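First listed ligand is number 1; within each ligand, the first listed atom is number 1. Owing to the predicted nature of the structure, the values given are computational and were not obtained by experimental measurement.
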Amino acid sequence: MAQTEAMPVQEQRIGRPSDPCVMVIFGAAGDLTRRKLIPTLYNLAKAHLLSRNFAIVGIAHTQMSTQQFRERLSSGIKEYADGDLDPELWKWFEERMYYVAAEFGDKQMYVRLGQLLEKIDKDHSTRENYFFYLATSPEFFGPIVEQLSATGLMDEKSGQRWRRVIIEKPFGHDLDSARALNKQLLQVATEKQIYRIDHYLGKETVQNILAFRFANGIFEPIWNRRYIDHVQISVAETVGMEQRGSYYDQAGALRDMVPNHIMQLISLTAMEPPVSFQADAVRDEQAKILHAIQPLSSEEVLSKTVRGQYGDGEIDGHRVPGYRQEDDVPVDSRTETFVAMKLMIDNWRWADVPFFLRTGKRMAARHTHIVIQFRRAPFMLFRDTPVENLMPNQLVLHIQPEEGISLRFAAKVPGPTMRLGAVDMNFEYADYFGRQPSTGYERLLHDCMIGDQTLFQRADMVEAGWCVVSPMLDVWKALPPRYFPNYAAGTWGPKESDDLLERDNRHWRNFEK
Ligand code: BG6
């Protein structure tokens, strides 16, 4: 038995270790397991947040032995875990890794999996707690959970053992398919067993939106329509298709980023204070915001959304091909790689405050940020000075690549006349808290292993996100774009995106680096 082995690590613990359990990864031969999941578990073990009574089972249709699986992950961990690899710790991991080569549709496999899990429970004292991570293509989500349930592997015993399933995105490809998937899952599992993961919620700064808003007395009183003019959320990427052309060409920027990551950013920015940090208290408030976003009519889709596709251009001094020249993308593809929109949240706090959103591939810089633009101060005091207009204050939550918060305000330019300049007060996380080794999945996997669903999407939240996006998909499908490509790689997207704000006398805030 291995359960009494001490974990050979020294670092400080900052939370309770996970429950004893087995993580079963479906689709374990893929990149996510090598690049993210295993390095995440390793980081958790290093921080003493992983139970010693732990094991991993990988399942995929790739033929390989358990030994080959371990070797494959070993090369991954060397590449992707932070810092030098601790050989003793990695040995500890290897001793509790198993691999099963099988088709996900093979019913017999689930019986064999059950037997393997029983053996693992005996060898590693994992107490019959299992969580199944579905890192597969979406058509397998429903069938896998059905088979797990049919084999009894989803059966919990209150207070004795738990069974959970983590589902990666995409969760549906429109409202109907998301509803159908929820229905299928909820026929064989309870909402408490389903962890719909959105890796954006694993990012420190995303979680920090709540701390920033609700742990400080000074911001919340002005976080509303009386003081805020509008909100901008930008998720700009410089990457192109990265061998994902065939997936992306079906999905497009809207489906790929908006119902999930961007809806999370909106709901955390706009939600009311929850009554506690209990999972459902937080998610209830998030869900209310998602339900309060006004779905656009067909006419509004035309006037309040913008889609774009990149042509060739230059990124960081290198020429890059246009979208239609990428691998696995049809030369006449009409898929959007950029989307911008103006949404309104129909509630007391946000009435008449536009939320402008944009996301795109191959943009000028990799930068995710939320800009809260405040109303301008009244001008009358400056009437007889050279000041022509007053700039608005902006609070910027920088999500990535650098994590931080900055506040822009006006200051007098030194000199004999009254002139104003914009200055920024900056806070960078790294300056205060240093950097923690992180893949971005640590908090999420740990939360699943301790049964905290706060950072996972509930069925109603997913569906509410799709309710916003589906009318856009419908109109766009009926009216294919005529002028693609319409922005050059390495720019801030199509001109129409700037026009969308300029029509309202507002402007995107861009961060070059
Ligand atoms: C994924 C999308 O969910 O998020 C990708 O499918 C996108 O297209 C990625 O590049 C962005 O994640 P991050 O963490 O790099 O901002």
Ion pair Glu191/Arg458, N-O distance below 4.0 Å: no

With sequence neighbours excluded, residues passing side chain to side chain contact (heavy atoms under 4.5 Å, CB included) with Lys288: Glu285

Residue list, side chain to side chain contact (heavy atoms under 4.5 Å, CB included) with Asp312, at least two apart or on another chain: Arg319

So which heavy atom in the protein is nearest [atom], and how far is it from that ligand atom?
atom                    : value
atom 15 (O) of ligand 1 : Arg366 NH2, 3.9 Å
atom 7 (C) of ligand 1  : Glu237 OE2, 3.4 Å
atom 12 (O) of ligand 1 : His199 NE2, 3.0 Å

Under 4.0 Å from a heavy atom of [X]: give me the atoms of ligand 1 that qualify, with their elements.
X      : value
Tyr200 : 12 (O), 16 (O)
Asp256 : 2 (C), 5 (C), 6 (O), 8 (O)
Gln400 : 13 (P), 16 (O)
Lys169 : 1 (C), 2 (C), 3 (O), 6 (O)
Lys361 : 5 (C), 7 (C), 8 (O), 10 (O)
Lys203 : 13 (P), 14 (O), 16 (O)

Residue-ligand contact His261/ligand 1, heavy atom below 4.0 Å: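 Distance cut 4.0 Å: His261 passes for ligand 1.
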
Member of Ile262, Leu254, Asp256 meeting the side chain to side chain contact (heavy atoms under 4.5 Å, CB included) criterion with Thr359: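 Checked Ile262, Leu254, Asp256 against Thr359; only one passes side chain to side chain contact (heavy atoms under 4.5 Å, CB included): Ile262.
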
Identified side chain to side chain contact (heavy atoms under 4.5 Å, CB included) partner of Met97 from the options Val57, Ile38, Leu41: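 One option only clears the test, and that one is Ile38.
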
Pair Gln309-Arg324, side-chain donor/acceptor within less than 3.5 Å: yes

Plane angle bin for Phe427 and Phe433 - parallel if under 30°, tilted between 30 and 60°, otherwise perpendicular: perpendicular

